Amino acid sequence: MEGNKQLQKYIESSKTLPHLKALVVWGEPVDEKLKAQFPAHVTIYSWDEFQALGSGRPDSDVDSRWFQILPGNCASLIYTSGTTGPPKAVMISHDNLTWTAYNIINGGYMDLNHEDRAISYLPLSHIAAQLIDIHCIMMLGGTCYFAQPDALKGSLTTTMKEVHPTFFFGVPRVWEKIQEKMAQMGRESTGIKKHLGTLAKAMGTAKTKRAQFGEDGGAPCGYSCVNALVLSQIKKALGLDQTKGCFTAAAPIAPDTLWYFGSLDIPVYEVFGQSECTGPHTVSARGQWKIGYCGRPIRGSETKIDPNTQELCYRGRHIFMGYMKMPKETAATVDEDGYLHSGDVAEFDGNDHPDVA
């Protein structure tokens, strides 16, 4: 845990956890007064002390444990929000993570390589942050920059301008806050600057309409000029001028927000998924994108809609192992054929390669 402020939160709960052995504090020296308040069965380590524990162990011990890990073993526990009952521990396997990360990197959504950059600012206890900030970046060999602790209170855009991420994931609230700030700046502009901004956004909107699936993918006459004068400068000011793809998921996002960024020629691609499917199941991307839809199922998965309830159901190697110590809840979520029942009503758009709404 980071610092003594977090350590203090565990004092009372540790007294009711007889199997808890140790807590590790990093970022600052351990407060000895806090340390003394913990029960005798709990050892408090500083980060240096924790690292020193393994200094005398041979590499063979590490190798022995490494070689015991199997693809189907549990790699991570992601706790659900508990909105439909007590939180459940979603068991994600090593195979779930590596297979899903590989599909995101090599699924044709973006041309990614080891020079790509991402920003970590969402809690790593969530599957989206774990998958993107850790596993995808490791598999890609790219760079992940960690934002400041107050990222969601306003400093995120500062980090974006410093890093210039090549792909960026934001939950809807992040996009909404950026929209609010940009819209306020637009309302404060006057004269020729305001007129030029209005013209640029109109052309950006037209380009966005033509960029969606089934359209010609072109740009309106005069777009290159307004892009050079206005839109490219806006992207640079946001730190999104080198971004290959912007994505959103985790909650519904208003079409108005997507159209707003479309007017700036910043397409924001929707993703649908759950913790139970290791993050994404359907992904939008350039050429596979329509506002109001969530993209196409990832490669190697199967998708169907229940004809009676219209519930979206799907299966693949990204489906979780089950809820830890909750066999009944697991059986109610994943049927005998391996289909995860999402709990969400959906529809296909009718194309040969259907997008999901």
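For the numbers below, each heavy atom of this structure counts, side chains included, while hydrogens, waters and symmetry mates do not. These numbers were taken from a predicted model, which means no experiment stands behind them.
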Q.
For the residue pair K88 and Y79, would you count it as a cation-pi contact if the rule is NZ or CZ under 6.0 angstrom from the ring centre and within 45 degrees of the ring axis?
A.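 Judged by the rule (NZ or CZ under 6.0 Å from the ring centre, within 45° of its axis), K88 is not positioned above Y79.
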(Q) Taking the six-membered ring of F213 as reference, does the cationic atom of K290 (NZ for Lys, CZ for Arg) lie under 6.0 Å from its centre and within 45° of its axis? (A)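 Cation-pi check for K290 and F213: fails.
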Within a strict 4.5 Å, meaning less than it, do heavy atoms of the [X] and [Y] side chains meet?
X    : Y    : result
Y10  : V42  : no
I134 : L124 : yes
H341 : L312 : no
Q288 : Y269 : no
T166 : T243 : no
F261 : I178 : yes
V345 : T309 : no
S301 : Y314 : no

Supply the atom-to-atom distance [X] [atom1] to [Y] [atom2], rounded to the nearest 0.5 angstrom.
X    : Y    : atom1 : atom2 : result
D241 : S232 : CG    : OG    : 8.5 Å
L7   : M1   : CG    : CE    : 5.5 Å
I127 : I132 : CD1   : CD1   : 9.5 Å

**Q.** Option passing salt bridge (Lys or Arg N to Asp or Glu O under 4.0 Å) with D216 (candidates R210, K209, K207)
**A.**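 So, applying the salt bridge (Lys or Arg N to Asp or Glu O under 4.0 Å) to D216 and each of R210, K209, K207, only R210 qualifies.
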Q. In terms of heavy-atom contacts, does CG of D59 have more than 12 from other residues, nucleotides or ligands at under 6.0 Å?
A.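 Not more than 12 within 6.0 Å, no.
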Q.
Counting only heavy atoms from other residues, nucleotides and ligands, does the tally under 6.0 Å from NE2 of H41 exceed 12?
A.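 Yes.
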Q: Verify side chain to side chain contact (heavy atoms under 4.5 Å, CB included) between L77 and M324, making sure each step is shown before the conclusion.
A: CA-CA 8 Å; L77 295 176; M324 185 174 68; 3.9 Å; yes
Can you see which heavy atom on [X] is nearest to which on [Y], and at what distance?
X    : Y    : result
I119 : L156 : CG2-CD1, 4.2 Å
Y121 : V171 : OH-N, 4.0 Å
P165 : G239 : CD-O, 3.3 Å
A118 : I137 : CB-CD1, 4.1 Å
M182 : I234 : CE-CG2, 3.5 Å
F320 : M91  : CB-O, 3.4 Å

Check whether [X] reaches the backbone of [Y] with its side chain - one donor and one acceptor, N or O, closer than 3.5 Å.
X    : Y    : value
S284 : G295 : yes
T278 : T100 : no
Q68  : S64  : yes
N103 : G107 : no
E12  : K9   : no
T282 : C294 : yes
T257 : I253 : no
N227 : S224 : no
N4   : P29  : yes
T208 : G262 : yes

Looking at [X] versus [Y], is the centre-to-centre ring distance below 6.0 Å?
X    : Y    : value
W175 : F168 : yes
W99  : Y102 : no
F247 : F169 : no

Q: Going by the side-chain contact (heavy atoms from CB on, under 4.5 Å) test, name the single residue among L112, I104, L97, T98 that passes it with M139.
A: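 So the option named by the test is T98.
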Q: Take D265 and K235 through the test salt bridge (Lys or Arg N to Asp or Glu O under 4.0 Å) and record every step on the way to the result.
A: CA-CA 9 Å; D265 193 24; K235 295 172 191 176; 3.2 Å; yes
Q | Set of side-chain hydrogen bond (donor to acceptor under 3.5 Å, both in side chains) partners for E336, sequence neighbours left out | A |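 Listed in chain order: nothing, the list is empty.
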Q.
H281 vs H318, test: side chain to side chain contact (heavy atoms under 4.5 Å, CB included). Steps then yes/no.
A. CA-CA 8 Å; H281 176 63; H318 57 329; 3.0 Å; yes
Q: Flag the pair K177 and E180 as a salt bridge only when some basic side-chain nitrogen lies within less than 4.0 angstrom of an acidic carboxylate oxygen.
A: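 Here K177 does not pair with E180 in a salt bridge, since their nearest N and O are not under 4.0 Å apart.
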Q.
So that I can tick it off, tell me whether D95 and R317 are bridged by a salt bridge, with the cut-off set at under 4.0 angstrom between side-chain N and carboxylate O.
A.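 The answer is yes: the pair qualifies as a salt bridge.
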Q | Polar side chain donor-acceptor pair, Q130 to S76, under 3.5 angstrom | A |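 Yes - a donor-acceptor pair under 3.5 Å links their side chains.
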Q: Check the pair C74, M321 against side chain to side chain contact (heavy atoms under 4.5 Å, CB included), reporting the backbone distance first and the verdict last.
A: CA-CA 8 Å; C74 185; M321 300 168 63; 3.8 Å; yes
Q) What's the verdict on side chain to side chain contact (heavy atoms under 4.5 Å, CB included) for Y109 and K244, showing C-alpha distance, side-chain angles and the deciding distance? A) CA-CA 9 Å; Y109 306 117; K244 301 174 183 178; over 6 Å; no
Q: Please step through side chain to side chain donor-acceptor pair (under 3.5 Å) for the pair D150 and S155, ending with a clear verdict.
A: CA-CA 6 Å; D150 61 347; S155 71; 2.7 Å; yes
